[in-house]
J.: 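Handing you this structure, nothing more for now.
The chains referred to below are lettered A, B, ... by the order of the sequence lines, with proteins before strands, and numbering in each begins at 1.
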2 protein chains.
Amino acid sequence: MPKISDSTIRRLSMYYRSLSEFETKGYKTISSEHLAKTEKLTPAQVRKDLSFFGSFGTRGLGYKTRELKERIGKILGLDHIWNVALIGLGNVGSALVSYKEFQKQGFLIKLLFDNDQRKINKKHKGILVSDVKDLVEKLKNNKIEIVIIAVPTQAAQEVADLVVSAGVKTILNFAPTRIKVPQDVVVRFVNMAMELEHLSFCLSNQDFSVAT
Amino acid sequence: MPKISDSTIRRLSMYYRSLSEFETKGYKTISSEHLAKTEKLTPAQVRKDLSFFGSFGTRGLGYKTRELKERIGKILGLDHIWNVALIGLGNVGSALVSYKEFQKQGFLIKLLFDNDQRKINKKHKGILVSDVKDLVEKLKNNKIEIVIIAVPTQAAQEVADLVVSAGVKTILNFAPTRIKVPQDVVVRFVNMAMELEHLSFCLSNQDFSVAT
DNA sequence: AATTGTGAAATTGTTCACAGCA
DNA sequence: TGCTGTGAACAATTTCACAATT
């Protein structure tokens, strides 16, 4: 039972995307070298990442594109539908509801929540918006497995506490603040400003060489 | 001239945000231990990160909150305004235009581009939308330093090539595909689906312990 | 002949532990 | 005394290099 690093998981996502593209382009097989080149990695890195989960290729021949894609898909849990709820229908939240990639990968946004009476009980992109008051109950009843938090900073911790109390173990947090959760809950944090800051760092410190 | 790692830059952003909060809360000074605790890091990590750029604290006392915030802000290039252009006014693009954190940190979205005639020459959140046809010319004329690409996958590379040809050196890419650019151009890649995949990995592989 | 899978080596990143200073 | 700054120790990650396999 090895410990899988964040970076390996991230790269698996990248491989999955590349392999999907190669599949549509009609490539039947693919080598670690080819896969590595498209993602700017080394072939050894690709093989090492895969080796944590088994051996999926054939020596001398490479990997079957379709098979490897499916194996990685299974590792990433993309072989079935996940029930997702999204909290907060501001700018970011609204954009996420229509974000095509989510549906494509099997992330089904089943519930929407907001605390604005003007939005509650109306449909948003075909999904009824519920009151945050009913959050815990509805998360439980609908067997929600992943929650996306897209509320303002000040509300983030409060909402997170409710989500945790509903038994949800995985949270994607778009609020630009760290939220505190118990050990067994996984939070991924997306902060767009942080990425811009990275770029402005690069512009401001061209004397430092920066890893890419 | 040390080589600064991605993770150090990322943490500097986190310190900056924490320090801003501590400043508003009225903390005059702060120790590496306190700062570390709020970000779930070790005090040594905080001090090491800072040590790459100089020595900002006082032995026995800690750091002056305001001063450290400003020093880190300067390192991250947040001490002045950056001219930003955003290409693609779909769901993600529109959300980003209204994203408050950007303005707050000095990222000024000066230009918007789209290729949809219904959007061109109209105002979007107070900013006139230009035709992508005029991209190169306008990027140059307006001294744009950072470009945010929020166009569909198929258009991403084409747009990126134009951006590069206009001399822009830093790109934030929201299109769910890797774009190829010359060595001297820095691209940061934000893929929301990837973060959800990380969560679904965690749900699917609870036997693997995952780093947080 | 080509390419995987994988221990071992090299590199990078993190933490320790303590000297140095207010 | 308390806390920073940092070289040395340690841990994690990546790359190398080669045996194994088709």
J.: Once side-chain hydrogen bond (donor to acceptor under 3.5 Å, both in side chains) is applied, do any residues pair with B:Ser32, and if so which ones, sequence neighbours excluded?
T.: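 For B:Ser32 the side-chain hydrogen bond (donor to acceptor under 3.5 Å, both in side chains) partners, ignoring immediate neighbours, are B:Arg47.
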J.: Would you call B:Val168 and B:Leu139 a side-chain contact if the rule is heavy atoms closer than 4.5 Å?
T.: yes
J.: Mind calculating the distance between CZ (B:Phe52) and P (C:dT12) to the nearest angstrom?
T.: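 About 13 Å, once rounded to whole Å.
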J.: For the pair made of NZ in A:Lys64 and P in D:dT22, what is the distance, rounded to whole Å?
T.: 13 Å
J.: Just how far, in rounded Å, is P of C:dT15 from NZ of B:Lys37?
T.: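 Taking atom P of C:dT15 as the reference, NZ of B:Lys37 is at 16 Å.
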J.: Just one of B:Arg11, B:Arg17, B:Lys104 clears the salt bridge (Lys or Arg N to Asp or Glu O under 4.0 Å) bar with A:Glu197, so which one?
T.: B:Arg17
J.: Would you mind reading off the distance between B:Leu41 atom CG and C:dT15 atom P, rounded to a whole angstrom?
T.: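 Interatomic distance, CG of B:Leu41 to P of C:dT15: 8 Å.
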J.: C:dT14 C1' sits how many Å from B:Asp49 CG, rounded?
T.: 10 Å
J.: Name the orientation class of the two ring planes belonging to A:Trp82 and A:His80 (parallel below 30°, tilted from 30 to 60°, perpendicular beyond 60°).
T.: tilted
J.: How long is the span from the NZ atom in B:Lys180 to the CD atom in B:Gln157, to the nearest 0.5 Å?
T.: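 These two atoms lie 5.5 Å from each other.
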J.: My understanding is that only residues two or more places apart in sequence, or in another chain, count here; which of them pass side-chain hydrogen bond (donor to acceptor under 3.5 Å, both in side chains) with A:Ser7?
T.: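 Partners of A:Ser7 under the side-chain hydrogen bond (donor to acceptor under 3.5 Å, both in side chains) test: A:Ser5.
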J.: I'd like to check the side-chain hydrogen bond (donor to acceptor under 3.5 Å, both in side chains) partners of A:Thr177; sequence neighbours left out, ordered by chain and number.
T.: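 If we apply the side-chain hydrogen bond (donor to acceptor under 3.5 Å, both in side chains) test to A:Thr177, skipping adjacent residues, there are no hits.
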J.: Quick test: give all pairs of protein nitrogen or oxygen and nucleotides 8-12 of chain D nitrogen or oxygen below 3.5 Å, distance rounded to 0.1 Å.
T.:
| from | atom 1 | to | atom 2 | distance (Å) |
| --- | --- | --- | --- | --- |
| D:dA12 | OP1 | A:Lys3 | NZ | 3.4 |

J.: Go through the steps to decide whether A:Tyr63 and A:Leu35 satisfy the test side-chain contact (heavy atoms from CB on, under 4.5 Å), and finish with yes or no.
T.: CA-CA 10 Å; A:Tyr63 306 89; A:Leu35 199 45; 5.6 Å; no
J.: Rounded to whole angstroms, how far apart are CD on A:Gln45 and P on C:dT4?
T.: 14 Å
J.: May I have the distance from B:Asp6 (atom CG) to D:dT13 (atom C1'), rounded to whole angstrom?
T.: 14 Å
J.: Is there a residue in residues 11-26 of chain A whose heavy atoms reach under 4.0 Å of DNA chain D, and which residues are they?
T.: A:Arg11
J.: What protein N or O atoms touch nucleotides 2-5 of chain D N or O atoms at under 3.5 angstrom, if any, and at what distances?
T.:
| from | atom 1 | to | atom 2 | distance (Å) |
| --- | --- | --- | --- | --- |
| D:dG2 | N2 | B:Gly60 | N | 3.4 |
| D:dC3 | O4' | B:Gly60 | N | 3.2 |
| D:dC3 | O4' | B:Gly60 | O | 3.4 |
| D:dC3 | O2 | B:Gly60 | N | 3.0 |
| D:dT4 | OP1 | B:Ser32 | N | 2.8 |
| D:dT4 | OP2 | B:Ser32 | OG | 2.7 |
| D:dT4 | O2 | B:Arg59 | NH1 | 3.3 |
| D:dG5 | OP1 | B:Phe56 | N | 2.9 |
| D:dG5 | OP1 | B:Gly57 | N | 2.8 |
| D:dG5 | OP2 | B:Tyr63 | OH | 2.9 |
| D:dG5 | O4' | B:Arg59 | NH2 | 3.1 |
| D:dG5 | N7 | B:Arg47 | NE | 2.6 |
| D:dG5 | O6 | B:Arg47 | NH2 | 2.8 |

J.: Parallel, tilted or perpendicular, judged at 30° and 60°: which one describes the rings of B:Phe201 and B:His198?
T.: perpendicular
J.: Is a side-chain donor or acceptor of A:Thr65 paired with a backbone partner of A:Lys28 at a separation under 3.5 angstrom?
T.: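 Yes, the answer is positive, given that a donor and an acceptor are paired below the 3.5 Å cut-off.
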J.: Measure the CG-CG distance between B:Asn142 and B:Leu111 for me, rounded to the nearest 0.5 Å.
T.: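 Going from CG on B:Asn142 over to CG on B:Leu111, the span is 4.5 Å.
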